[in-house]
Amino acid sequence: LLYCMLTGAPPHRDAARLAEIEKIETLADRLGAYRKWIEQAPPPLEHRKMPGVDRALADIVERCLAVDPRRRFPNAQ
């Protein structure tokens, strides 16, 4: 949500991926395909290009978006 607020678009989404997801019939298969794309994609970095986003905030966003849950913050605090 924070990434979307900063950039105006959700991470790991583009028109080509959305078109591919729409072709997949079941929700479980869609989620599996989306997860695979996230795991294989480079980390989103558009937030670092936004005016007013300092390094500390950018680092927080990247940690929140980490593919490996162990690298994310353990809670909202």
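What you see is a predicted model; the values in this text were computed from it and never measured.
Ion pairing between a basic and an acidic side chain is recognised when a charged N comes within 4.0 Å of a carboxylate O; Glu46 and Lys49 show such pairing.
The distance from the CD1 atom of Ile24 to the OG1 atom of Thr26 is 8.0 Å, given to the nearest 0.5 Å. Once rounded to the nearest 0.5 Å, the distance linking OG1 of Thr7 with CG of Leu45 reads 11.5 Å. Here the CG atom belonging to Leu65 is positioned 12.0 Å from the CD1 atom belonging to Ile60, to the nearest 0.5 angstrom. If you take NE2 on His12 and CD on Gln40, they are separated by 12.0 Å, rounding to the nearest 0.5 Å.
In plain terms, the two heavy atoms of Pro10 and Cys4 that are nearest each other are N-SG, 3.9 Å. Here the shortest heavy-atom pairing between Glu22 and Arg30 reads O-NH2, 3.4 Å. Closest non-hydrogen pair, Ala41 versus Arg17, comes out as CB-NH2, 3.5 Å. Closest approach of Tyr34 to Arg13, counting heavy atoms only: OH-CG, 3.4 Å.
Glu39 CD: more than 12 foreign heavy atoms inside a 6.0 Å radius.
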Next item on the list: Would you check, one step at a time, whether the test side-chain contact (heavy atoms from CB on, under 4.5 Å) holds for Asp59 with Arg48?
Entry: CA-CA 9 Å; Asp59 291 344; Arg48 289 202 175 266; 2.5 Å; yes
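In this structure, Val53 and Val61 have side chains that are not in contact, with every pair of non-hydrogen atoms separated by 4.5 Å or more.
Residues meeting the ring pair (Phe, Tyr, Trp, His ring centres under 6.0 Å) test with His47, sequence neighbours left out: Tyr3.
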List the atom pairs, with distances to 0.1 Å, where a side-chain N or O of residues 67-77 and a protein N or O form a donor-acceptor pair under 3.5 Å, not counting sequence neighbours.
unit_1	atom_1	unit_2	atom_2	d
Asp68	OD1	Arg70	N	3.0
Asp68	OD1	Arg70	NE	3.1
Asp68	OD2	Arg70	NE	3.4
Asp68	OD2	Arg70	NH2	3.0
Arg72	NE	Ala66	O	2.7
Arg72	NH2	Ala66	O	3.2
Arg72	NH2	Val67	O	3.1
Asn75	OD1	Gln77	N	2.9

